[in-house]
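These notes are about the structure you will find just below.
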Amino acid sequence: MAVAAATTEPLDRQLPMPFHPPLPTPPVKKRLPAGRPREWYVSHNRRLKAMRLAIALLDSGVYQPTSAGNHKIRTTAERLGMRPPSDTTCRMVRALIRYGR
């Protein structure tokens, strides 16, 4: 037992800190159906963006809506290669995190 304890590495060397999960692959884009009002397309794309951001935040360990401030959400969007979300989209992200629990 003493030999095994002498040859193992300390715990702080085994896991690099801080842990950053791998970025998700971007979804395959499909054409949206034609003939809808412009507001439908705007809200649809906003919901998709909010969903992608909420999933990325949950994967990175943000489980409370209070932990997901606008700056954190916009930083995550930058990491994913998205344009910065609006305040409305940030509110939608927090709502998705809240109601997903």
Note: A68 and I97 closest approach over all heavy atoms is CB-CD1, 4.2 Å
Sorted by chain and residue number, the side-chain hydrogen bond (donor to acceptor under 3.5 Å, both in side chains) partners of R91 (sequence neighbours excluded) come out as T88
Joining Ile, Leu, Val, Met, Phe, Trp and Tyr whenever any side-chain heavy atoms lie under 4.5 Å apart, the cluster holding W40 also takes in L32, Y41
Applying side-chain hydrogen bond (donor to acceptor under 3.5 Å, both in side chains) to T76 and not counting sequence neighbours gives none
Sequence neighbours excluded, the answer for side-chain hydrogen bond (donor to acceptor under 3.5 Å, both in side chains) partners of R74 is D87
Residues at least two apart in sequence or cross-chain that pass side-chain hydrogen bond (donor to acceptor under 3.5 Å, both in side chains) with T75, listed by chain then number, are none
- Establish, from distance only, whether the side-chain atoms of T66 and R94 form a donor-acceptor pair under 3.5 Å. no
Distance col, row L57:CG vs S67:OG, nearest 0.5 angstrom, shows 10.0 Å
**Asked** Does any non-hydrogen side-chain atom of P85 lie less than 4.5 Å from one of I73?
**Response** yes
M51 meets the side chain to side chain contact (heavy atoms under 4.5 Å, CB included) criterion, sequence neighbours left out, with I55, L96
All heavy atoms of N70 vs all of C90, minimum pair found to be OD1-CB, 3.2 Å
Contacts of R31 meeting side chain to side chain contact (heavy atoms under 4.5 Å, CB included) (sequence neighbours excluded), chain-then-number -> none
Side chain to side chain contact (heavy atoms under 4.5 Å, CB included) filter on V28, not counting sequence neighbours, yields none
Hits for side chain to side chain contact (heavy atoms under 4.5 Å, CB included) against R47, two or more places apart or cross-chain, chain-then-number order -> S43, H44, M92
In short, salt bridge (Lys or Arg N to Asp or Glu O under 4.0 Å) pairs touching residues 48-58 with sequence neighbours left out are none
Apart from L48 itself, members of its ILVMFWY cluster (side-chain separation under 4.5 Å) are none
